[in-house]
Colleague: 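Before we start, here is the structure in question, set down as structure tokens.
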Number of protein chains: 2
Amino acid sequence: MVKQTVGLKTLAAHLNVTVGTVSRALNGYSDISEATRLRVLRAADELGYRPNHAARRLSTGVAEAVAYVMPQYSSSISQPFVGQLLKGLGEAVAKRGWDLLVAHADSAKDELNHLDRLVRSGRVGGLVISRPAKNDPRIRLMRSLKCPFVVHGRTADCRDYAWYDVDGADAFHTAVDHLVTLGHGRIAFVGAPLQYQFAQDRLNGYRAALEQNGLRAVPEFVQITEFSDDGGELATNVLLDLDQPPSAIVCISDMVALGALAAIRARGLTPGRDISVIGYDGLKVGQHANPPLTTMAQPQVHAGRRLGDILLAIIDGGDPRDYQDLQKAHLLRRKTDGAFEQTT
Amino acid sequence: MVKQTVGLKTLAAHLNVTVGTVSRALNGYSDISEATRLRVLRAADELGYRPNHAARRLSTGVAEAVAYVMPQYSSSISQPFVGQLLKGLGEAVAKRGWDLLVAHADSAKDELNHLDRLVRSGRVGGLVISRPAKNDPRIRLMRSLKCPFVVHGRTADCRDYAWYDVDGADAFHTAVDHLVTLGHGRIAFVGAPLQYQFAQDRLNGYRAALEQNGLRAVPEFVQITEFSDDGGELATNVLLDLDQPPSAIVCISDMVALGALAAIRARGLTPGRDISVIGYDGLKVGQHANPPLTTMAQPQVHAGRRLGDILLAIIDGGDPRDYQDLQKAHLLRRKTDGAFEQTT
DNA sequence: TTGACGAGCGAAATCGGTTTCGGATATAGG
DNA sequence: CCTATATCCGAAACCGATTTCGCTCGTCAA
């Protein structure tokens, strides 16, 4: 650590006042004459005074920092949004002069320990939890610690805390509806392990849409696989090997969908003509896929900032239940959705 | 901030010793009897003692935290590697129980102010600077502050500080050599603004390779454009409009290369057959491009951890000049590089 | 002229640890 | 048996801010 050069003491000596006076002048107390305040402010600026963060925290008891908890098993797909999120989060907390720190997880057990330390040692005043499991232990921990937090995503029971999420059920409902409109009746779902709530939500949306459209739910049409392009490719191959393969596939993410496209092309079929595919995320790279990927795009841009604002509001004493933000995804048509053709 | 429940004082009272004794027992001093140490350790564990971070920092003077400075203009392409890097960095600092915080930049000027505060207020003991400009003010600031730092990338003069970089000049040399081997003689370069050192490095490699292969440097073949897919598309269109267009293009990044592919396909040409394209980064999504993108892949996996280890070593007093790590990229052949055909 | 009052500032306690110094007890040596 | 030494622990200073308390002025009304 760089040694403190100019502290309150230096300033005070320089101005012939006490440290208490300087501190009060800097923090806008009323029992300081305007003349003194100006003298102090000017000197602080000239000497480049930076209050020692640790001392202030110790004294005031506020951490002036929040943490972002990285997704547990961060596959390559989770990376793009991490950067975006951090940027937004950083902006939100920086407005208040607070710090943003990131917590990473070695294992599930280590992570809880890490978070406990982070909170109970007073390093952070709140945190953002991404991509929760159905009954996430991290959320239970934060509740028991009475530590402010906001969840990026939701769990099964999400009534009592703050969260920001995109409505996956709605999105997959929309995707299936769209495919039905195009004439598809045999629609498959390639999903991820259901321990994650978002995986369950999207599956629910798929199923609800099938039912509402009077379509039969074919058990083999629901493939749960690894959350990656390889997983998507594997699952799609299983689907295509079926006696009566689907004519359309909705995929739980764009990355999975890219794998699906690869599997389809490998058989000499053309995505969007022979088999329709719809992804989820709205990743920019999807437009460079072969062919460009139709997807359910998210209003991802402001998620980070919104999460930060929510967290700060709760730290300020806001009721978490007042901050539950459900965004809708929208259909972004590119080239992998097409009308059903009997010829298949 | 969650109020401290059990502090040193609580522990001391519970054990009928003084806080000093507890502190020394916990910190492994030798003048504590083994019996007492065990009693203290056990009690600390049972009561779930977490030392107050601010107090310890104030007392010891070490920040127990480092910061990662986000790339200045983080376009979509910069995101994937941010996540990876943070993961590795987090692991490295977590081994020591330190925190990782991220600093984001509103503007260039704000950023310097922000970094100055971060360091001089004692929040961090060192930092990682990504993607420096040729003569980066952030580096100058850190030097003047005598704050330990490591650079991810290099500047023009990089002799006196620690850095980790991938050899862009070598990579583009390799790429051009490869294309020459395939019979190409008209090779273009699509790059990014030269304010960034990495952009200059890669251009240098391209030029050196041309010269070494006895190829003429065509001025119009060097296109400097925006660091994105759109930029790549624009630049490639310019190249294709030339009276004598190139038969191969090396692109400064995979994202730019994806734009190039789009431009090529838009003219009914086939990348890899009519025109070869080589990207840089080794992004996984490149394999889902149309056609799969040949690229110079980086050993990106350990960059974060390595940067973290280097930074900690310097904070421990290591000589920065002993930590200069230049990695090599390697050619990852997919489908966009092909033999030159006269027919074009 | 005096007493009350308020403005402005100094002095000191406080946050929760770390670390130095010195004292008490136990052990060893003569 | 008495002193020298090592062992172990208590007491207190310290890190650099914040914040409370109270003192000292100057001002004004009685």
Side-chain angles (χ1 to χ4, degrees), chain A residues 1-41 43-44 47-65 97 117 119-123 125, chain B residues 1-41 43-44 47-65 97 117 119-123 125:
Chain A
M1 191 158 96
V2 176
K3 204 196 134 213
Q4 187 101 8
T5 50
V6 36
L8 223 40
K9 225 180 315 186
T10 319
L11 259 186
H14 186 257
L15 291 167
N16 275 325
V17 292
T18 60
V19 292
T21 304
V22 178
S23 173
R24 278 171 305 193
L26 256 26
N27 292 325
Y29 277 62
S30 59
D31 60 342
I32 294 286
S33 75
E34 202 55 29
T36 309
R37 180 191 314 287
L38 279 148
R39 277 209 315 144
V40 171
L41 251 32
L47 275 68
Y49 166 69
R50 303 287 188 183
N52 181 301
H53 190 232
R56 144 181 282 165
R57 271 173 51 182
L58 181 57
S59 179
T60 63
V62 330
E64 298 194 344
R117 273 222 334 259
V119 171
R120 302 246 315 278
S121 70
R123 283 199 246 260
Chain B
M1 190 159 95
V2 176
K3 203 197 133 211
Q4 187 103 8
T5 50
V6 36
L8 222 41
K9 227 183 305 187
T10 319
L11 258 185
H14 185 256
L15 291 167
N16 275 324
V17 293
T18 59
V19 292
T21 303
V22 178
S23 174
R24 278 172 305 192
L26 257 25
N27 292 325
Y29 276 61
S30 59
D31 61 344
I32 292 288
S33 75
E34 201 55 28
T36 309
R37 180 192 313 287
L38 258 60
R39 276 208 318 143
V40 171
L41 250 35
L47 276 66
Y49 167 68
R50 304 287 189 183
N52 181 300
H53 191 232
R56 142 181 283 164
R57 272 173 50 182
L58 180 55
S59 180
T60 62
V62 332
E64 298 193 345
R117 271 223 334 257
V119 171
R120 300 244 317 277
S121 71
R123 284 200 245 261

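It should be emphasised that the depicted structure is a prediction, and the values quoted were computed from it without experimental measurement.
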Colleague: Look at the side chain of A/Arg57 and the backbone N and O of A/Gly122, then say whether any donor-acceptor pair between them is shorter than 3.5 Å.
Modeller: yes
Colleague: C/dC15, C/dG8, D/dA17: which one has an atom nearest the side-chain heavy atoms of A/Ser33?
Modeller: C/dG8
Colleague: A/Ser23 near the nucleic acid: base, sugar-phosphate alone, or nothing, with a heavy-atom cut-off under 4.0 Å?
Modeller: base
Colleague: Expressed as a whole number of angstroms, how long is the span from A/Leu38:CG to C/dG8:P?
Modeller: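 A/Leu38 atom CG is separated from C/dG8 atom P by 13 Å.
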Colleague: Roughly how many Å is it from CZ in B/Arg57 to P in D/dC15, rounded to a whole number?
Modeller: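 Roughly 17 Å, once rounded to whole Å.
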Colleague: Got A/Leu26 and A/Tyr49 here, is their nearest side-chain heavy-atom distance under 4.5 Å?
Modeller: yes
Colleague: Look at A/Thr21 and C/dG10 and indicate whether a side-chain polar atom (N or O) is within less than 4.0 Å of OP1 or OP2.
Modeller: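 For C/dG10, OP1 or OP2 has a side-chain N or O of A/Thr21 closer than 4.0 Å.
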Colleague: For A/Tyr49 and D/dG16, what is the distance between atoms OH and P respectively, to the nearest whole Å?
Modeller: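 Going from A/Tyr49 (OH) to D/dG16 (P), I get 11 Å.
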Colleague: Which nucleotide sits closest to the side chain of B/Leu8: C/dT18, D/dC15, C/dC9?
Modeller: C/dT18
Colleague: Whether the side chain of B/Arg24 engages the backbone of B/Gly20 through a donor-acceptor N/O pair (distance < 3.5 Å, no angle test) should be reported.
Modeller: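 Side chain of B/Arg24 to backbone of B/Gly20, a donor-acceptor pair under 3.5 Å: yes, one is there.
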Colleague: Using atom CD of B/Glu64 as one end and atom C1' of C/dG17 as the other, report the distance to the nearest whole Å.
Modeller: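 Rounding to the nearest Å, CD of B/Glu64 and C1' of C/dG17 are 12 Å apart.
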Colleague: What I'd like to find out is whether the side chain of A/Arg39 reaches to under 4.5 Å of the side chain of A/Val17, using heavy atoms alone.
Modeller: yes
Colleague: Got a donor-acceptor contact below 3.5 angstrom from the A/Arg123 side chain to the A/Ala65 backbone?
Modeller: no
Colleague: Between C/dG10, D/dC15, C/dC15, which nucleotide has the shortest distance from any of its atoms to the side chain of A/Thr18?
Modeller: C/dG10
Colleague: Just how far, in rounded Å, is C1' of D/dC8 from CZ of B/Arg39?
Modeller: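 Atom-to-atom, B/Arg39 to D/dC8, this comes out as 13 Å.
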Colleague: Can you tell me if B/Tyr29 touches the phosphate of C/dT20, counting only side-chain N or O atoms and a distance under 4.0 Å to OP1 or OP2?
Modeller: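 Checking B/Tyr29 against C/dT20: no side-chain N or O falls below 4.0 Å of OP1 or OP2.
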Colleague: Within the structure provided, determine whether B/Arg117 and A/His53 are in side-chain contact (heavy-atom separation under 4.5 Å).
Modeller: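 Contact flag for B/Arg117/A/His53 side chains = no.
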Colleague: Which residue, A/Ala55 or B/Val19, contacts DNA chain D at a nucleotide closer to its 5' end, judged by nearest heavy atom?
Modeller: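 Whichever sits nearer the 5' end wins; that is B/Val19.
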Colleague: Could you tell me whether a side-chain N or O of B/Arg56 sits under 3.5 Å from a main-chain N or O of B/Pro51, the two making a donor and an acceptor?
Modeller: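 No, B/Arg56 side chain to B/Pro51 backbone: no donor-acceptor pair under 3.5 Å.
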Colleague: Select one nucleotide: of C/dG10, D/dG16, C/dG16, the one nearest the side-chain heavy atoms of A/Asn52.
Modeller: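 It is D/dG16.
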Colleague: Both A/Thr36 and B/Leu58 contact DNA chain C. Which one's nearest nucleotide lies toward the 5' end?
Modeller: A/Thr36
Colleague: What nucleotide among D/dC8, D/dG16, C/dG17 has an atom nearest to a side-chain atom of B/Pro51?
Modeller: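 Closest of the options to the side chain of B/Pro51: C/dG17.
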Colleague: Is any side-chain nitrogen or oxygen of B/Thr60 closer than 4.0 Å to OP1 or OP2 of D/dC15?
Modeller: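 No.
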Colleague: Between the side chain of A/Ser59 and the main-chain N/O of A/Ala55, is any donor-acceptor distance below 3.5 Å?
Modeller: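 Not at all, since once roles are kept as given, no pair shorter than 3.5 Å links the two residues.
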Colleague: A/Ile32 has an atom CD1; how far is it from atom P of D/dT19, in whole Å?
Modeller: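 These atoms are roughly 13 Å apart.
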Colleague: Just the atom pairs and distances: protein N or O near nucleotides 21-26 of chain D's N or O, under 3.5 Å.
Modeller:
none

Colleague: Rounded to whole angstrom units, what separation is found between the CG atom of A/Leu11 and the P atom of D/dT18?
Modeller: 11 Å
Colleague: Atom CZ of A/Arg123 to atom P of C/dG17: distance rounded to whole Å?
Modeller: 12 Å
Colleague: If you check the B/Asn27 side chain, which of C/dT18, D/dG16, D/dC8 turns out closest?
Modeller: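 Between C/dT18, D/dG16, D/dC8, the one nearest the side chain of B/Asn27 would be C/dT18.
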